[in-house]
Amino acid sequence: MAEKIGLTTTIPVEIIYAAGDIPVDLNNIFITSDESQKLVEEAEYAGYPRNICGWIKGLYSTILESDDINKVIAVTQGDCTNTHALMETLEVQGVETIPFGYSYNQDAELLQLQIEKLMDYFKVSRKEVLEIKKQLDKVRENVHQIDRLTWTEDKVSGWENHLFLVNCSDFKRDFNKYNIEVEEFLETVKMREPFNERVRLGYIGVPPIINDLYDYVEKKDARIVFNEIQRQFSMPYETDSLIEQYIKYTYPYNVFVRLEDIKREIERRDLDGIIHYTQSFCFRQIEDLIFREELDIPLLTLEGDKPGDLDARSQMRLDSFIDMLK
Ligand code: SF4
């Protein structure tokens with residue numbers, strides 16, 4: 001019987017599908033839950049410190065609250081410095097963790113070894129995995145069309161762009177069904193009149209824990225037409241092998257690999273400014289200083305802590321930033 005496998009970040013999902021199992025991105029379950037705030041609090045009651053990122057606490061409670069996820073893939077290199085402790089606290093609760101690691105510097109040999117170990121664990125062959133890759137690439141190509149329609153024809157909102165890209169981590173647990181949803185969306189979008197906001201923004205950093213950022217920005221006559229990490233989840237480059245695909249995927253590697261991609265998209269999408277989202281208590285906040293140094297474009301750093309709407313201070317900062325760009 002197909003088993004649900006929890007993911008805390010994007011991994012070679014082809015392997016799970018090839019095994020006939022169901023990948024479940026726990027981030028998406030957590031953030032779309034009506035009780036996401038409560039999930040964070042539950043982790044705090046269990047003993048998670050206040051000064052640990054809200055995503056980690058949300059993931060911990062999400063896994064424990066689910067009745068049917070007993071295995072989680074733990075990305076020990078290339079995602080989050082808190083993963084080790086998260087997995088250890090889950091193991092204590094009886095959840096099995098399956099280790100997987102990217103390398104710091106896009107080392108293809110190391111990645112190959114990790115992919116092979118994961119294939120061994122799930123008992124799948126290279127041929128089976130490549131067959132799934134071909135099928136997933138068709139879905140990805142449709143999602144890339146949504147992304148293109150966002151910035152070339154202005155027919156997709158920032159939130160829609162975010163949602164369709166971010167869901168490529170697990171394809172909403174059923175890639176055929178997800179493809180139908182994507183194709184139906186593409187049909188409706190083509191009939192739309194273009195959006196006409198004056199300011200074109202890029203969003204870089206981990207996906208936001210804040211609910212209303214995209215809507216708020218659009219009310220202020222601006223639109224996010226580039227979602228950096230979310231786009232990476234959709235594997236935006238054409239590739240023939242799993243190794244090539246996950247080497248080109250920028251998120252798990254050092255910040256300079258991401259910078260190259262961001263700079264290219266700033267030009268290509270004709271952006272006026274960048275929002276760099278940082279999560280409270282996340283090690284990636286430190287990278288803000290590199291983005292400020294390296295990106296030649298107005299940049300607003302926006303910090304989020306717990307699930308919920310933008311606070312008044314963040315709203316005011318966004319207002320001033322967008323006014324300045326206008
Ligand atoms: S936001 Fe940062 S600290 Fe939180 S889960 Fe993501 S990488 Fe880890």
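Side-chain atoms are counted along with the backbone in the values below, which use heavy atoms only and exclude waters and symmetry mates. In this chain, residues are counted from 1 in sequence order. Atoms within each ligand, like the ligands themselves, are counted from 1 in listed order.
With ring centers used as reference points, Y17 lies under 6.0 Å from F175. The aromatic ring centroids of W55 and F30 lie less than 6.0 Å from each other.
When only non-hydrogen protein atoms are considered, atom 2 (Fe) of ligand 1 lies nearest to C282 SG, 2.2 Å. Distance from atom 6 (Fe) of ligand 1 to its nearest protein heavy atom, with residue and atom name: V206 CG1, 4.3 Å.
Atom 2 (Fe) of ligand 1 does not have C53 among its coordinating residues (no N/O/S atom, backbone or side chain, under 2.8 Å).
In this structure, F171 and Y178 have perpendicular ring planes: the angle between them is above 60°, well past the 30° mark. Aromatic ring orientation, W159 versus Y214: tilted (interplanar angle from 30° to 60°).
If you check each of G54, G205, P208, C80 against atom 7 (S) of ligand 1, the one with the closest non-hydrogen atom is C80.
Atom OG1 of T76 is separated from atom OH of Y102 by 11.0 Å, given to the nearest 0.5 angstrom.
Of all atoms in ligand 1, numbered sequentially from 1 with element shown, those under 4.0 Å from a heavy atom of N82 are 3 (S). The contact set between ligand 1 and Q279, taken as ligand atoms under 4.0 Å from a residue heavy atom, comprises 1 (S). Per-residue contacts place I56 under 4.0 angstrom from the following atoms of ligand 1 (heavy atoms of the residue considered): 5 (S).
Checking K133 against T239 by side-chain atom types alone, a donor-acceptor pair falls below 3.5 Å.
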